[in-house]
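Lettering follows sequence order; numbering is per chain, from 1. None of these values were measured; they are calculated from a predicted model.
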Amino acid sequence: MEASFFDNVFEVAKLIPKGRVTSYGAIAAYIGMKRSARMVGYAMNASHSDKSIPAHRVVNRNGLLTGKHHFNGPDEMEKRLKAEGIKVKNDKIINFDKHFWDPATELKL
DNA sequence: GACATGACGATTT
DNA sequence: GAAATCGCCATGT
C-alpha cells in the first residue's frame, strides 16, 4: 500500500518527542501539503485506530487544543499535556513557542 | 456515484 | 487590519 496522506500524518505524529507539541499545518507542510492542515486534524480522528499516536501533542497553529473534544473526554488532552510538563490554560498551550516541535526543522528530512 | 463535511492554515479581497 | 474565500484529502451519508 502506498503511504497516503493520513499514513504520513500518523508517522510524523508518532515521532513527536514527549513534552513537545506541533501544529497540524507543520505536519502537513512536512509531508508537502501545507494546505491540507484540515486533513491532518481529520487524520487524527482516524488515529483512534492507533493508540500509539499522541494526538494530544498536535494542536492548531495558535497552540489551542481545538481537538480536545475528540479524546476520551474534553479534559483528557489537556491533562495529558500537563502530565508531560506542558502547561495549558484556557485550552491553550502556554509557551507554545517553546514547546513547538517542527518536523521540518527537527527531523530536517 | 455525488454531495457535504471535517482537530486548519494561508492567501486574497 | 479584518473578514471572506480557497485549498487540500479522505470518509460518511
Side-chain angles (χ1 to χ4, degrees):
Chain A
M1 294 99 61
E2 338 263 305
S4 301
F5 179 83
F6 271 40
D7 295 305
N8 283 314
V9 174
F10 295 146
E11 296 209 23
V12 175
K14 288 181 187 174
L15 294 172
I16 300 174
K18 182 186 168 198
R20 300 282 173 189
V21 288
T22 189
S23 62
Y24 305 98
I27 296 175
Y30 176 71
I31 295 169
M33 298 183 183
K34 71 176 185 182
R35 296 296 173 72
S36 304
R38 295 175 96 163
M39 283 59 257
V40 178
Y42 199 46
M44 291 282 109
N45 245 340
S47 73
H48 276 268
S49 295
D50 196 327
K51 300 276 180 70
S52 300
I53 300 178
H56 61 276
R57 293 183 191 150
V58 185
V59 294
N60 70 349
R61 206 37 192 146
N62 292 309
L64 196 69
L65 281 56
T66 50
K68 67 172 186 175
H69 285 281
H70 293 264
F71 282 84
N72 197 356
D75 294 318
E76 180 70 16
M77 187 176 189
E78 183 177 324
K79 193 184 277 187
R80 281 189 168 208
L81 290 171
K82 285 182 179 177
E84 296 189 355
I86 298 173
K87 298 194 166 70
V88 179
K89 176 142 197 161
N90 195 15
D91 299 340
K92 189 187 72 184
I93 296 176
I94 299 178
N95 298 326
F96 177 62
D97 192 39
K98 293 182 181 180
H99 294 297
F100 184 56
W101 178 82
D102 187 353
T105 301
E106 305 295 323
L107 296 179
K108 215 93 180 279
L109 282 177

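For the atom pair CG of A/Asn45 and CZ of A/Phe6, the computed distance is 8.5 Å after rounding to the nearest 0.5 Å.
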Check against side chain to side chain donor-acceptor pair (under 3.5 Å), A/His99 and A/Glu84: CA-CA 11 Å; A/His99 294 297; A/Glu84 296 189 355; over 6 Å; no

So A/Lys87 and A/Asn95, side chain to side chain contact (heavy atoms under 4.5 Å, CB included) or not? Walk me through it. CA-CA 8 Å; A/Lys87 298 194 166 70; A/Asn95 298 326; over 6 Å; no

Is there a side chain to side chain contact (heavy atoms under 4.5 Å, CB included) between A/Tyr24 and A/Thr66? Walk through the geometry before answering. CA-CA 11 Å; A/Tyr24 305 98; A/Thr66 50; 3.5 Å; yes

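Summarising the geometry of A/Ala26 relative to A/Pro103, their closest heavy-atom pair is O-CG, 3.8 Å, with the distance given to 0.1 Å. Annotation for A/Tyr30 and A/Val12: closest pair CD2-CG2, 3.6 Å, computed over non-hydrogen atoms. For the residue pair A/Ala13 and A/Pro54, the shortest heavy atom distance occurs at O-CG, 3.2 Å. The shortest non-hydrogen separation linking A/Met77 to A/Phe71 is SD-CE1, 3.5 Å.
A cation-pi geometry, defined here as NZ or CZ lying under 6.0 Å from the six-membered ring centre and within 45° of its normal, does not hold between A/Arg61 and A/Phe96.
If you run side chain to side chain contact (heavy atoms under 4.5 Å, CB included) between A/Leu65 and each of A/Leu81, A/Asp75, A/Asn60, only A/Leu81 comes through.
At a non-hydrogen distance threshold of 4.0 Å, A/Ala55, A/Asn60, A/Arg61, A/Thr66, A/Gly67, A/His70, A/Phe71 from residues 54-84 of chain A come into contact with DNA chain B. Near DNA chain B, meaning a heavy atom under 4.0 Å from it, residues 33-41 of chain A has A/Lys34, A/Arg35, A/Ala37, A/Arg38, A/Met39, A/Gly41 in order of number.
Between the C1' atoms of C/dA3 and B/dA7, the separation comes to 23 Å (whole Å).
Chain A approaches DNA chain B over the interval B/dG6 to B/dT11, counting the first and last nucleotide 5' to 3' with an atom under 4.0 Å from its heavy atoms.
Rounding to whole angstrom units, CG of residue A/Asn45 and P of C/dG12 are separated by 10 Å. In this structure, the CG atom of A/Asn8 is 14 Å from the C1' atom of C/dA10, given to the nearest Å. For A/Phe10 and C/dA10, the CZ to P distance is 11 Å, given to the nearest whole Å.
A 4.5 Å side-chain heavy-atom check between A/Asp91 and A/Glu78 finds at least one atom pair inside the cut-off.
Both A/Phe6 and A/Ser23 sit near DNA chain B, but only A/Phe6 has its closest nucleotide nearer the 5' end.
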